[in-house]
Protein chains: 2
Amino acid sequence: MTSPVHVVVDRRSPVPLYFQVAQQIEVMIDRGELLPGSRLENEIVLADQLGLSRPTMRQAIQYLVDKGLLVRKRGVGTQVVHGQVKRTVELSSLFDDLRRANQHPTTEVISVAVVPVTDDVAVALHRPPGTEVVRLERLRRANDEPLAILQNWLPTGLAELTPERLEAHGLYELLRAAGVTLRVAAQRIGARAATHREATLLTERRGAPLLTMTRTTYDDSGRAVEHGSHVYRPALYSFEMALIER
Amino acid sequence: MTSPVHVVVDRRSPVPLYFQVAQQIEVMIDRGELLPGSRLENEIVLADQLGLSRPTMRQAIQYLVDKGLLVRKRGVGTQVVHGQVKRTVELSSLFDDLRRANQHPTTEVISVAVVPVTDDVAVALHRPPGTEVVRLERLRRANDEPLAILQNWLPTGLAELTPERLEAHGLYELLRAAGVTLRVAAQRIGARAATHREATLLTERRGAPLLTMTRTTYDDSGRAVEHGSHVYRPALYSFEMALIER
DNA sequence: TAGTGGTCTAGACCACAGT
DNA sequence: CTGTGGTCTAGACCACTAC
């Protein structure tokens, strides 16, 4: 009563074995080759079938459990979660997300400037008051429809942030291309009424409900590399995520 | 230039060793004994100091990395993240969260009834149309201030959901007490304007912005055990979470 | 009782960062 | 070059589930 898992690993590949396995199982779930509720073979058998050690096989399975695709129960086994799975929120930019969903994102750069930090941004970026930072304001459209107003602050000198580059790429893409490794972010999602200016930019009524997100992102040295304060039109955007009990 | 980690493990305890270590390091970070940016000893040394194997020590560290408290960089080491860390959203109920924050939550049960599922709930709970489910509607207050309207649907027979019990406990608490193990949830956060009825219950104006959350929760067999559709007053509540790049 | 995942050990080799 | 985390192995024992 278990579903067979067809996976082949390439030991010459630089891609870790556990990741090769996890990716292939994920593809099988996406394609419906592994149905919701179906049980996988146990770890030992799977490891044996693939010629891997049990810890490596466990790592692959745990990766998918953390992603919300599988559930495991001691004494029972590993099963595919029911229902269409929404992916955990990842450290991706809105631009990348929209492009992946074929939503044709475009960016209008409203302003790029080097300014002294305000107090709240100084706290968020852990910079002393008075430090100069880059301040961005962008209007993001999807399929030509205004979707969000994005305000961001970054330490100076991190990446070359020209209006041209910002219109062609997402901010995170530019940061990664500049050698910045984004690792951790602290994020808060809320709601509030649109100001007059926001309403105008987003073609909403003044006072219309907007979804808000503020986020501070840290690199792999634990340093704050970006702080953002964004507002979204709730009819066109919402946040989806998977929660996992560890 | 590394910070010493004072941890003792109790091998007679039923608590896993990696978890004992992770908890104690987390406490040290909370107390400021490990400062943001400070580097920990490397895995090998730490494992040696605590009398553990390296995999076990790695598991402890990885747990805290996944929680957003630490960052690691190959060739460099493990550091405490800068800034006050916001915890990852967990599979906890609003009631528990508020109680933990000493916000004195109270619950007014508006209705509890067994009803046939509507189409959207049938899809969410993966039940055939026409199935009977328990429908709850509750008004949650914090410090006597109306905070949220909570609508939930559950399969019948999961737990004893009387108004009395619901007023004294959170829904998740009652489910766990009934032997249900919550494992994974898919959640969507958005915003919209308050209806007349919502505005009245929440002492807001009609059309006021509200934060919305819909969530479907699955147990450790991967079956849907709860679907909720909640609205929150954004001035009093927002969602915080950590995002980790794996 | 049999089968499952959960934890733990003691090694090994590799890739990458900083010197 | 040295030191770090990343990956991988081949076992072991335990706790929980279901029958």
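In what follows, chains are A, B, ... by sequence order, proteins preceding strands, each numbered from 1.
OP1 or OP2 of D:dT4 lies within a sub-4.0 Å distance of a side-chain N or O belonging to B:Asn42. In terms of phosphate contacts, B:Arg72 brings no side-chain nitrogen or oxygen within less than 4.0 Å of OP1 or OP2 of D:dT4. In this model, the phosphate group of C:dG5 is approached by a side-chain N or O of A:Thr78 to a distance below 4.0 Å at OP1 or OP2. Taking side-chain N and O atoms only, A:Tyr18 has a distance below 4.0 Å to OP1 or OP2 of D:dT7. Proximity of B:Thr56 to the phosphate of C:dT9: a side-chain N or O atom is located under 4.0 Å from OP1 or OP2.
The residue among A:Pro16 and A:Arg54 whose nearest nucleotide of DNA chain D is located toward the 5' end is A:Pro16. Mapping A:Gly51 and B:Ile61 onto DNA chain D by nearest heavy atom places B:Ile61 at the nucleotide closer to the 5' end.
Rounded to whole angstrom, the span from the CZ atom of B:Arg39 across to the P atom of D:dG3 amounts to 12 Å. Straight-line distance from the CD atom of A:Glu41 to the C1' atom of C:dT4: 12 Å, rounded to whole Å. Rounding to whole angstrom units, CD of residue A:Gln79 and P of C:dT4 are separated by 13 Å. The distance from atom CD of B:Gln20 to atom C1' of C:dC8 is 13 Å, rounded to the nearest whole Å. Straight-line distance from the CZ atom of B:Arg58 to the P atom of C:dC13: 18 Å, rounded to whole Å. When the P atom of C:dG6 is taken as reference, atom CG of A:Asp66 falls 11 Å away, rounded to whole Å. A straight line from CG of A:Leu40 to C1' of C:dT4 spans 13 Å, rounded to a whole angstrom. In this structure, CG of B:Asp48 is placed 14 Å from P of D:dG5, rounded to the nearest angstrom.
Counting any heavy atom pair closer than 4.0 Å across all strands shown, B:Leu17 reaches sugar-phosphate atoms only and no base atom. When heavy atoms are screened at a 4.0 angstrom cut-off, A:Arg11 is found touching the sugar-phosphate backbone but no base atom.
Within 6.0 Å of the CG atom in A:Asp10, the count of heavy atoms belonging to other residues, nucleotides or ligands exceeds 12. Counting heavy-atom neighbours within 6.0 Å of A:Arg223 CZ, excluding the residue itself, gives a total of 12 or less.
Side-chain contact between A:Leu150 and A:Leu136 is absent, with no heavy atoms from C-beta onward closer than 4.5 Å.
The ring pair (Phe, Tyr, Trp, His ring centres under 6.0 Å) contacts involving residues 7-59 of chain B comprise B:Phe19-B:Tyr63, where partners must be two or more places apart or lie in separate chains.
By the 4.0 Å N-to-carboxylate-O rule, B:Arg138 lies too far from B:Glu167 to be salt-bridged with it. A salt bridge links B:Arg72 with B:Glu43; the closest basic N to acidic carboxylate O contact falls under 4.0 Å. Ion pairing between a basic and an acidic side chain is recognised when a charged N comes within 4.0 Å of a carboxylate O; A:Arg99 and A:Glu173 show such pairing. In summary, B:Glu132 and B:Arg127 do not engage in a salt bridge, as defined by a charged side-chain N under 4.0 Å from a carboxylate O.
Minimum atom distance to the side chain of A:Glu43 is reached by C:dG6, of the listed D:dC8, C:dC8, C:dG6.
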Tabulate atom names and distances for all N/O pairs under 3.5 angstrom spanning the protein and nucleotides 16-19 of chain C.
residue	atom	partner	partner atom	Å
C:dA17	O4'	B:Arg74	O	3.4

